[in-house]
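Here the structure is laid out as structure tokens; the discussion comes afterwards.
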Amino acid sequence: MNYQQVLEEIAVEVAPLLSKGRVVDYVPPLARVPLEQFGMALRTVDGRVFTVGASGQRFSVQSIAKLVPLTLAMKLHGDAVWERVGREPSGSAFNSLIQLELEHGIPRNPFINGGALVTLDLTLAAAPRTAIAEFFSQALGAAVQVEREVADGEARTGHRNRALAHFLKSFDNLRNDADAVLDAYFELCATSLSCEELARAFSYLANGGVGADGTVLTTARQAKRINAVMLTCGVYDEAGDYAYRVGLPAKSGVGGGVVAVMPGQYTVAVWSPGLDARGNSLAGTMALELLTTKTAVSVF
Ligand code: GLN
């Protein structure tokens, strides 16, 4: 497969979309990101890396980072994780409150904000706060950077996330101090990485739990299960459309990044900051759709 040629064709074909989306604006440093940018990096499980565009430029990974506390919670607690959080698609926005009330404080899945707060809480109950950045750094092979201005902005504007945390607490589904869990959440969202770095950090999901440097980060079974939850829940209320158009497990973030996994073959990361109405990268989704169309390989 000539991945390099495929990526170069994709970059040309998504160009008309780059001006169309909307950059998120709830935090000033995110609102300042110029709209018309695109980068993509694909890393095969045997370590070959293919890139196009701004693949080395760091951006705010936001909800993509929710993969880390889910992985850690599963490592630390096994199947007990699913007593505190569901694994069904939510069909609603990532920061919706209404479902949580109706479902008695059990978030639908670990990728909506309430679910990520629970996996962080589970992680913090069994490991020190530093374990989150340590796992992320180990998977990447370098220290992950938190953008302080973004983390502070998240903390200042994160009223819905605070509401979700206290709501969870009222149902006794948050054991740590709500502010401690929220601080960990805001920092996690403010992690800044490039497509090349994301493709490396999440290569364990394509390679049966084995990280880019050969370290075993999860069991093969856990990696398979994380991919399954990504496929059904990774892009919020767009999961059905993603399965239909892209056909890969994927996790998006409002910074405009998306990580997708073709198990046994590659991890790909794409970035374009213009979002669609559901908070997923407009050109990023099209790029992934083109990738599985041009290579004629998807999980289906
Ligand atoms: N920081 C954002 C929030 O909590 C992350 C959301 C996202 O990337 N979908 O609202």
Side-chain angles (χ1 to χ4, degrees), residues 21-33 58-70 85 89-100 107-121 132 136 144-168 174 178-179 181-193 195 198 202 229-230 232-239 241-242 249-260 269-282 284-285:
R22 232 188 96 250
V23 174
V24 87
D25 59 4
Y26 68 97
V27 185
L30 298 183
R32 284 198 298 267
V33 174
R58 287 195 173 147
F59 57 90
S60 192
V61 305
Q62 293 291 326
S63 284
I64 296 171
K66 289 172 182 167
L67 285 164
V68 172
L70 173 61
V85 60
S90 68
S92 49
F94 55 80
N95 54 6
S96 168
L97 282 151
I98 196 157
Q99 207 165 47
L100 200 55
R108 255 313 159 86
N109 68 63
F111 293 140
I112 51 174
N113 293 6
L117 292 167
V118 169
T119 59
L120 278 167
D121 187 57
I132 300 155
F136 214 162
V144 288
Q145 305 294 330
V146 169
E147 235 183 294
R148 210 54 259 173
E149 202 188 341
V150 177
D152 292 346
E154 299 277 346
R156 217 177 31 249
T157 60
H159 304 295
R160 264 178 180 270
N161 290 323
R162 289 186 192 282
L164 283 164
H166 287 279
F167 219 45
L168 288 164
L174 214 61
D179 285 331
V181 180
L182 284 162
D183 278 352
Y185 177 82
F186 295 140
E187 268 195 12
L188 190 67
C189 287
T191 306
S192 190
L193 291 172
C195 289
L198 282 168
F202 292 110
V229 182
M230 266 208 283
T232 51
C233 313
V235 291
Y236 317 112
D237 41 346
E238 212 170 320
D241 199 43
Y242 245 78
K251 185 73 211 83
S252 61
V254 292
V258 191
V259 167
V270 60
W271 173 61
S272 184
L275 305 182
D276 64 18
R278 286 144 152 180
N280 297 313
S281 173
L282 193 68
T285 304

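Order of listing sets the numbers, starting from 1, for every ligand and every atom in it. Basis for what follows: all heavy atoms, side chains included, without hydrogens, waters or symmetry-related copies.
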Should Phe186 be listed as contacting ligand 1, given a heavy-atom distance under 4.0 Å as the test?
no
Atom 6 (C) of ligand 1: closest protein heavy atom, distance to 0.1 Å, is Ser63 OG, 3.1 Å
Any idea which part of Glu154 is under 4.0 Å from ligand 1, heavy-atom wise: side chain, backbone, both or neither?
side chain
Who's closest to atom 10 (O) of ligand 1 heavy-atom-wise, of Leu182, Asn113, Asn95?
Asn113
Numbering the atoms of ligand 1 from 1, which are under 4.0 Å from a heavy atom of Cys189?
1 (N)
Going by heavy atoms in the side chains, are Leu67 and Phe111 under 4.5 Å from each other?
yes
Quick one, Arg148 with Glu187, criterion side chain to side chain contact (heavy atoms under 4.5 Å, CB included). Give me CA distance, side-chain angles, the key distance, then yes/no.
CA-CA 8 Å; Arg148 210 54 259 173; Glu187 268 195 12; 3.0 Å; yes
Return the minimal non-hydrogen interatomic distance between Pro110 and Val85, and the atom names on each side.
N-CG2, 3.6 Å
Contacting atoms of ligand 1, where contact means under 4.0 angstrom from a heavy atom of Asn161
3 (C), 4 (O), 10 (O)
Which residue owns the protein heavy atom closest to atom 1 (N) of ligand 1, what's the atom, and how far is it?
Gln62 OE1, 2.5 Å
Can you tell me if Arg162 uses its side chain to pair, donor with acceptor, with the backbone of Ala155 under 3.5 Å?
yes
If you count the atoms of ligand 1 from 1 in the order shown, which ones are under 4.0 Å from a heavy atom of Tyr236?
7 (C), 9 (N)
Short question: side chain of Lys251, backbone of Val259 - any donor-acceptor pair under 3.5 Å?
no
So if I count the atoms of ligand 1 from 1 in the order they appear, which ones are less than 4.0 Å from some heavy atom of Gly253?
8 (O)
Closest non-hydrogen protein atom to atom 4 (O) of ligand 1, residue and atom name please, with distance?
Tyr185 OH, 2.6 Å
Check whether Trp271 reaches the backbone of Gly255 with its side chain - one donor and one acceptor, N or O, closer than 3.5 Å.
yes
Might you point out which heavy atoms bring Pro69 and Thr119 nearest each other, and give the distance in Å?
CB-OG1, 3.4 Å
